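The analysis underlying the following values was restricted to heavy atoms, covering all of them including side chains, and did not include hydrogens, waters or symmetry mates. Here the structure is a predicted model, which means the values were calculated and not measured.
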Amino acid sequence: MTERFDVAVVGAGPAGIAAALRAAELGASVVLVERADHVGGTCVNTGCVPTRALAKAARLMREIRAAGAYGIRVSDPELDWSATATLVRERVGLVRESKADLDRLEKAGVDVRLSTTAEFTDADTLRLRDDSADGTAAPTEVTASSVILCVGGHSRVLPIPGAEHALLPEHILTVTELPRSVAIIGGGNTGAQVSTILDSFGVQVTLLDVAPRILMPSDPDVSEAITREFTRLGITVRTGLAGVDSLEKQPDGTILLTWREADGDDPITAAFDVVIMAAGWPANVEGLGLEEAGVEIERSAVAVDRYFRSSVPHIFAVGDLTGQDMLVQAAQFEAEAAAENAVLGANRATPHHLLPVGAFTDPDYASVGLTEDQARERDPQCVVALARYDRLERAIIDDRAVGFLKLIADSRRSLILGAHAVGENAVEVIQAVTTAMAAGADVSSLAAVKFAYPTYTAIVGVAARDLLKTAPDRR
């Protein structure tokens, strides 16, 4: 039997949900196919939400340890890992229920197929296979005028001997006891967040990366500041490695990890209770039958144009599958745009220059727009100001005076090109700058904003006024 829909959406994470709802809102008949037995995708179930819950526990540990400085007598906190892991799972469930995405989809008239795998048999047809526990339903075929692929990505497993002995970041909650020592391979956002969480729990952390610095996509000032603070906390950071060679499980349960320093002749081997592989997030291009559909793959991701069309015009791809801005906020906006383009015709693109990015480490860091290097490539005369947190009354009060906000402005129009922050509430600080950038506010307008006192967001006004001093002719 072949079923016919206007739009077929594959993947029910944040992007798939947004695409299906928008297409249904525009009057299209929509089928949403998800291989898991629930909606929500990686972020809600195994990514952002559980990581943020663990980050909350880590923050509490740090704040309790700091209470003595404020005259509060407390004993050294001890973490009950089992209780923490249970709470995190409960919070994931609460978030999933609070979003009520399945109810919204059904009320919108979307035909939701859970525990179902979709695979192209040709450019116009998807074969759906029942992957539920009983798996009794016979495969069916679906044709659609447009298909929107929102299947996300997965943690990369390095092709090295013993890789099976490493945990992936999404498997941290499967550890029954908190380890004493952990090696984390990969110094991106995920590796940095996991490092600071486990460090706060009292775990000895070693962070390894072949890149010359951690957080490579970030502005170098952010990377350097986070590295400096991680080292101060006791996290061992090793960057610029020649390679990670192997893992070997020992009889006592520990794992021997071998790597090579860039300037060393002999490999280094060290034993860890746990090794976590946070080495990247490739797109889920396998198992979709993309070859049968004629969809082109570039650099292990689906190539799309500015309207999110693949090489087959009626097949769209958004989110992690495109290998571009792999963020929930990006995927949702892309998905809504793709749904409009699928139903109404290709006329909506979504610019990505205003995507705030942040992580809840210790300290936090966040960015929006261009790095300083990128800005100088575009405008060699761009102006830069860096306002430090030790000038901020709120940061001094809270004993969180380590950090900065860096603003980068266009030399001709004084528009903000980028902002980068390290420190307490850095993500919220960057969100304030993002709002100003979206509104087209110039540096003078931002400098004139009256921020509540004493707040962390007031650093935005400080940095903007510093920019005006850097370029006095713009006052």
Side-chain angles (χ1 to χ4, degrees), residues 47 51 55 58 153-163 165-172 179 181-200 203-248 255-282 299-300 320 323 325-327 357-367 371 373 420 422:
T51 299
H154 60 276
S155 294
R156 174 179 284 118
V157 177
L158 296 178
I160 58 176
H165 299 307
L167 287 179
L168 299 177
E170 60 264 34
H171 298 152
I172 290 176
S181 63
V182 169
I184 298 172
I185 303 171
N189 289 336
T190 299
Q193 288 188 105
V194 174
S195 293
T196 196
I197 289 169
L198 293 178
D199 173 76
S200 297
V203 179
Q204 181 59 53
V205 178
T206 298
L207 181 60
L208 306 169
D209 204 317
V210 296
R213 56 185 173 87
I214 62 172
L215 307 176
M216 270 300 292
S218 299
D219 188 275
D221 282 342
V222 171
S223 176
E224 291 169 11
I226 293 296
T227 300
R228 185 168 54 249
E229 286 306 301
F230 276 17
T231 301
R232 184 185 65 80
L233 291 170
I235 297 172
T236 300
V237 179
R238 293 282 183 268
T239 55
L241 302 185
V244 177
D245 293 340
S246 64
L247 293 81
E248 184 179 346
I255 298 173
L256 286 182
L257 177 63
T258 301
W259 70 88
R260 288 168 290 115
E261 303 277 356
D263 55 355
D265 295 328
D266 298 325
I268 296 174
T269 298
F272 299 93
D273 291 336
V274 170
V275 174
I276 298 173
M277 223 172 256
W281 189 256
R299 295 186 295 277
S300 301
D320 298 351
D325 294 291
M326 293 181 281
L327 302 165
V357 181
F360 304 101
T361 49
D362 181 22
D364 299 342
Y365 65 90
S367 298
T371 65
D373 290 342
H420 311 276
V422 170

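- The closest donor-acceptor contact from the side chain of Ser246 to the backbone of Pro161 lies at 3.5 Å or more, if one exists at all.
- Between the side chain of Ser181 and the backbone N or O of Asp273 there is at least one donor-acceptor pair closer than 3.5 Å.
- The side-chain contact (heavy atoms from CB on, under 4.5 Å) search around Ser300 returns none, not counting sequence neighbours.
- Under the salt bridge (Lys or Arg N to Asp or Glu O under 4.0 Å) criterion, the residue pairs touching residues 232-242 are Glu229-Arg232, Arg238-Glu261, with sequence neighbours excluded.
- Side-chain contact check for Ile197 versus Ile172: every heavy-atom pair is 4.5 Å or farther apart.
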Stepwise, does the side-chain contact (heavy atoms from CB on, under 4.5 Å) test hold for Leu257 with Ile185? CA-CA 10 Å; Leu257 177 63; Ile185 303 171; 4.2 Å; yes

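- Evaluation of the side-chain contact (heavy atoms from CB on, under 4.5 Å) rule for Asn189 yields Leu215, Val357, Tyr365 as partners, not counting sequence neighbours.
- Remark: side-chain polar atoms of Gln204 are not paired, donor with acceptor, to backbone N or O of Thr236 under 3.5 angstrom.
- Annotation: side-chain contact (heavy atoms from CB on, under 4.5 Å) contacts of Pro169 (sequence neighbours excluded): Ser155, Thr190, Ile276, Ala278.
- Taking the side-chain contact (heavy atoms from CB on, under 4.5 Å) definition, one finds that Arg213 meets it with Met216, Pro220, Ser223, sequence neighbours left out.
- Taking Asp219 as the reference, Lys406 meet the salt bridge (charged side-chain N to carboxylate O under 4.0 Å, His left out) condition, with sequence neighbours excluded.
- Without hydrogens or angle criteria, Thr239 side chain to Pro212 main chain gives a donor-acceptor distance under 3.5 Å.
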